[in-house]
Chemist: 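Got a structure for you, written out below as structure tokens; questions coming shortly.
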Amino acid sequence: MKILLVLALLMSALFAQVKKDEPIAVPYISYNIKMGKGFEAVQANCLTCHSFGYIENQGPQSKEFWDAKVVKMIEHFKAPMTKEDTTTVIDYLYKHYGNGKLK
Amino acid sequence: MKRRDFFKTSLVAASALSVPTFANAAGQPKDDQVISDLAFPEKRPMITYSDRPPLLESPRATFAKPITANDEFFVRWHMPEIPTYVDPNTFKIKISGLVDKEFELTLENLKHDYEQVEVTAVLQCGGNSRSAFSPVAGGIQWGSGAMGCAKWKGVRLRDILHRAGLKKNAHWIGFNGLETAAYYETPNFIRELQIDELDDHVIVAYEMNDEDLPYLNGYPVRLVIPGTYSDSWVKMLSEIRVTEEYEKLFFMDVAYRVPDNETESETPEKKYPRTKPITKMNVKSVIGYPETGTKVQNGSHVVVRGVAFDDGTGITGVHVSIDNGKTWERALLDKNNAGRYSFRGWRLAIKPKDYGKLKIMAKAINRAGEEQPFAKDIGWNHGGYKYNGIDEVTVEVV
């Protein structure tokens, strides 16, 4: 019985993929960020909570789409953005990740 | 030629295929994503959308097999801060609220004090295949790989609640995990289940395919709710709280909801006022082999393979068409069915008879007679949830 227990403990140790006494390291990805007016506001307000991948992955979108996205971040996720930054960020997103349509 | 190169040379053709052309409906999900050359911890390189939080998608080839390997299993977190270290010796799940006895569960308790159970079940993001919707529905533009199927081992939630002793007025159970937001005011990713919704298949799992859960899939324990979309499968589960009243929560009340009408659809101009949670998964199949761009030889047999699943009702058939959906042939379903919540593997040998492009389509049907619709017949919804259009790949016959 004791041997079985030891064996079971050994087995469970073998199953662990990573050493459980040290943290995992999540890699950083370098995104191909389009620099320009307003990026500082994006960095300060958006990238605090999520990577640039979230922005890039939406594909080219309308002004209304980006507006709604930013409003969602403020209303639902409680991003503490100033009115000025809100406008700046929406303009940046539409300029660099826009599809040319307002709606 | 490598898959990636194929797409470089036929970029125009590929994007023409993947861009849906129907207004307020769906086309095929994106199928030309690049597999990153950067591997995340305990994972092999996957389709990578984000590092903070980590968002990784399984490539199509994953679905040629009915069990998804842990290092290929998709990853989706909601908050920027995910714990990168959990001490298995001190980790505890707190059980509190309307119970006779509040207590804390260690991993040791879970593994030794309860009956150990296993369930093989599909874990699928409600937004899987979202990129099929047009106009673009907000959210991560997943292809078809925000899903996977694993054998989960753990303890029945019901047994844990039984030990705690539910009070008479207990109606709801809230689940919280260890991921945290950057701002204190951001709502936590808490989910709630009604006690009536619980069955014996709902487990608190600490093993996935006979291994510890990978960190990025919720080490050391996550909730497993077979048949339902993954939004309620709380990762790094740290708190189970029993309440009488439903608590208002962003991730229950705003996110992961679809229009509450028969077709679960709406238009961007006129969103449907009433919504409901996504909960049960609809019938779906995905082709794992071949892939778009695969070159196959004219006149030689190609064994098409894939997986099919639903909410546990049970897959009864998968049908394959190579003539644009005019005629369908029944695929062979795998015998070793790991239970009604698992991926059901299927295969069918086809023999291309003409050179050039050949479209292969697959559709699943379940015990309730529900079958996958053509992509063009799927209505739009604002969150881009629950896409289950007939799957397609286009190979080159040479």
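Residue numbers start from 1 in every chain, and the chains themselves are labelled A, B, ... in the order their sequence lines are given, proteins ahead of strands.
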Chemist: By a 4.5 Å heavy-atom criterion (distance strictly below it), what part of A/Y31 contacts chain B: side chain, backbone, both, or neither?
Modeler: side chain
Chemist: For residues B/P54 and A/V26, report the shortest heavy-atom separation together with the two atoms involved.
Modeler: CG-CG1, 4.4 Å
Chemist: Of all the residues in residues 53-71 of chain A, which have a heavy atom that comes within less than 4.5 Å of a heavy atom in chain B?
Modeler: A/G53, A/Y54, A/N57, A/Q58, A/Q61, A/F65, A/K69
Chemist: Determine the minimum heavy-atom distance between B/P41 and A/A25, stating which atoms define it.
Modeler: CG-O, 3.2 Å
Chemist: Counting only non-hydrogen atoms closer than 4.5 Å, does B/L38 touch chain A with its backbone (N, CA, C, O), its side chain (CB onward), both, or neither?
Modeler: side chain
Chemist: Enter the distance from A/C49:SG to B/R52:CZ here, rounded to the nearest 0.5 Å.
Modeler: 13.0 Å
